[in-house]
Protein chains: 2
Amino acid sequence: MIPPLMNTASRKQREIAAREELILDCAARLLGEVGYQGLSMDRVAEAVEYSKGTIYQHFDCKEDLLAGLCLRSSQDLYDLFSRAAGLDLSPRERLIAIAFAYQLFIRLHPLEFANMQTLKSATVREKTSAENRCAMQTIEAQVMNTLTQVVRDGVSSGDLTLPQGLTCEELIFCLWATQYGAASLGISGIPFADYGVPSIAGALQKFNNNLLDGLNWHPVSKEFDYAATQRYLEQQVFNAELRMLQDDAETRQRKSS
Amino acid sequence: MIPPLMNTASRKQREIAAREELILDCAARLLGEVGYQGLSMDRVAEAVEYSKGTIYQHFDCKEDLLAGLCLRSSQDLYDLFSRAAGLDLSPRERLIAIAFAYQLFIRLHPLEFANMQTLKSATVREKTSAENRCAMQTIEAQVMNTLTQVVRDGVSSGDLTLPQGLTCEELIFCLWATQYGAASLGISGIPFADYGVPSIAGALQKFNNNLLDGLNWHPVSKEFDYAATQRYLEQQVFNAELRMLQDDAETRQRKSS
DNA sequence: ACCTGAACACCGTTCAAGT
DNA sequence: ACCTGAACACCGTTCAAGT
């Protein structure tokens with residue numbers, strides 16, 4: 001069957017879309033190889049084997065390209081969140097699963113997370129294209145919605161009674177802030193291990209459990225083995241991802257020795 | 001009295017120190033005028049009316065200069081923390097005062113806070129001089145110590161019994177992460193107001209109170225009017241700073257109209 | 001119509017030449 | 001001994017010239 005003539009334009013569009021993915025792939029790889037500082041439009045152009053002018057047909061400016069990377073990372077993060085939020089577990093367990101997924105994402109993609117941080121710094125955000133900004137907002141809204149839904153489930157199932165004046169959204173915002181802040185501080189280079197915090201992930205787990213117990217979110221940790229939930233997440237749900245992390249660590253060790 | 005000859009070197013040292021302050025002052029002012037992106041060594045040199053070579057005698061590189069700014073901001077923040085921690089209040093109130101001081105600092109110095117975030121991004125941190133890094137670590141240790149001490153006071157006074165396995169340091173780290181994360185998300189441009197969080201500061205206050213109540217940190221909010229503490233902080237302790245904020249807002253409004 | 005890469009402006013950094 | 005600013009390498013961005 002000969003495709004209709006209309007598809008000629010569509011084919012070109014597909015080619016362009018494919019090249020955009022190629023640019024983003026190369027940029028992501030370069031980010032890992034030469035770091036944020038070393039990433040230049042020249043290098044990207046060289047890596048994709050197109051001229052700089054062509055790159056600029058896809059992205060308005062360097063910030064826009066980085067925003068494209070940020071968008072893909074955000075999508076990956078959202079996918080992990082969705083998996084966590086969709087598990088067949090109690091609302092409180094699912095919230096823990098989301099926190100787990102967040103910390104996992106940051107360990108899997110530390111450079112992308114750092115990039116996301118830089119990109120969100122408002123001054124940079126303004127320079128990105130309207131298209132990218134809009135797509136970003138869509139994902140943010142989806143994430144916020146997925147997270148809030150878990151708290152709402154907790155409330156509607158009767159497991160959680162929100163304290164006077166605190167809304168679902170405010171609670172989620174503060175929980176998010178804790179995870180985000182902990183991750184940011186974690187990659188900031190402040191030697192928290194020297195200050196009595198040997199494991200950030202461990203501190204967060206304990207903190208979360210105490211916080212949710214304090215809110216009297218059932219089942220309370222006295223009534224339920226949340227350590228088993230952690231093990232379930234590690235060994236079953238996110239086993240493949242954790243294995244990848246270990247492989248990476250081993251490869252790095254082999255390289256340095 | 002003629003000063004001893006030794007002081008000739010000392011006078012020069014003072015001149016150099018004064019010029020370093022001048023450079024930092026100009027850089028801070030430029031940061032406000034042209035933003036992070038627009039801040040260049042050329043502009044700084046022009047503003048201080050010295051050549052670029054002279055700037056480089058004070059700072060190894062651009063990152064080092066920004067680290068100098070970061071150091072001064074950190075000192076300002078530490079001063080605010082110290083004031084809050086030294087108030088004649090109960091440990092729990094003092095912890096609230098510190099959180100208040102943190103959010104106040106970020107509102108007073110949004111650009112410096114953004115700069116601090118960028119500067120801590122590890123890749124940049126490595127390029128700063130050993131001197132600046134060392135001074136930074138000293139302040140960080142002081143901050144961490146001041147914060148932890150308030151929790152320790154709560155424990156030793158019998159107001160707080162830490163739950164099984166959670167240390168002072170871990171609790172402080174997570175509280176810090178929440179404040180830091182909330183501030184970062186606040187300046188990130190994500191429209192949280194549209195997502196049901198009209199006031200980040202308000203959400204944090206409610207969250208903190210619920211968290212500390214959940215930990216059973218006495219006096220619990222049923223037994224004590226913490227809204228009065230907030231008013232005391234606003235109207236007495238940090239009144240001058242809040243007034244400055246209002247004046248700034250009015251000046252900006254007058255400018256735009 | 002699409003792609004190229006030379007050209008431009010700007011920026012961080014250095015260092016030979018001045019005083 | 002101290003300071004200068006021309007010079008260099010690199011980078012983001014543009015656009016006239018190619019195919």
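Below, chains carry the letters A, B, ... as their sequence lines are ordered, and counting in each starts from 1. For clarity, every value in this text was computed on a predicted model and none was experimentally measured.
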Original post:
Can you tell me how far P of C/dA1 sits from CD of A/Gln13, to the nearest Å?
Top reply: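 Distance, rounded to whole Å: 15 Å.
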Original post:
Rounded to whole angstrom units, what separation is found between the NZ atom of B/Lys52 and the P atom of D/dA7?
Top reply: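 In whole Å, D/dA7 P and B/Lys52 NZ are 13 Å from each other.
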**OP:** Answer yes or no: does a side-chain N or O of A/Arg19 lie under 4.0 Å from OP1 or OP2 of C/dC3?
**Re:**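 True: A/Arg19 side-chain N/O within range (under 4.0 Å) of C/dC3 OP1/OP2.
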Can you sort out the partners of [X] under ring pair (Phe, Tyr, Trp, His ring centres under 6.0 Å), two or more places apart, ordered by chain and number?
X: B/Tyr195; answer: none
X: A/Phe207; answer: none
X: A/His109; answer: A/Phe105
X: B/Phe81; answer: B/Tyr102

Subject >> Set of side-chain contact (heavy atoms from CB on, under 4.5 Å) partners for A/Leu111, sequence neighbours left out >> reply: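 Counting only residues at least two positions away or on another chain, A/Leu111 forms a side-chain contact (heavy atoms from CB on, under 4.5 Å) with A/Leu31.
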**OP:** Taking salt bridge (Lys or Arg N to Asp or Glu O under 4.0 Å) as the test, write out the residues that go with B/Arg19, two or more places apart.
**Re:**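 Here no residue qualifies.
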Original post:
In chain order, what residues pass the salt bridge (Lys or Arg N to Asp or Glu O under 4.0 Å) check against B/Glu131, with sequence neighbours excluded?
Top reply: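 Residues passing salt bridge (Lys or Arg N to Asp or Glu O under 4.0 Å) with B/Glu131: none at all.
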**OP:** Would you kindly say whether B/Asp64 and B/Thr128 are connected by a side-chain donor-acceptor distance under 3.5 Å?
**Re:**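 Not at all, the side chains of B/Asp64 and B/Thr128 share no donor-acceptor pair under 3.5 Å.
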Original post:
Excluding sequence neighbours, so at least two apart, what forms side chain to side chain donor-acceptor pair (under 3.5 Å) with B/Lys52?
Top reply: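 B/Lys52: side chain to side chain donor-acceptor pair (under 3.5 Å) contacts with B/Asp42.
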Original post:
Which pairs pass ring-ring contact (aromatic ring centres under 6.0 Å, His included) with one or both residues in residues 20-79 of chain B, sequence neighbours excluded?
Top reply: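 Checked against ring-ring contact (aromatic ring centres under 6.0 Å, His included) - neighbours excluded - no pair reaches residues 20-79 of chain B.
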Original post:
Can you list, by residue number, the residues of residues 54-65 of chain A that have a non-hydrogen atom closer than 4.0 angstrom to DNA chain C?
Top reply: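 Hits under 4.0 Å, by residue number: A/Thr54, A/Gln57.
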Original post:
Hey, can you pull the residues of residues 26-46 of chain B with a non-hydrogen atom under 4.0 angstrom from DNA chain C?
Top reply: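 Result for residues 26-46 of chain B: B/Leu39, B/Ser40, B/Met41, B/Arg43, sorted by number.
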Subject >> Base-pairing string, 5' to 3', of DNA chain D - Watson-Crick or wobble, under 3.5 Å, | interstrand >> reply: ||.|||||...|||||.||
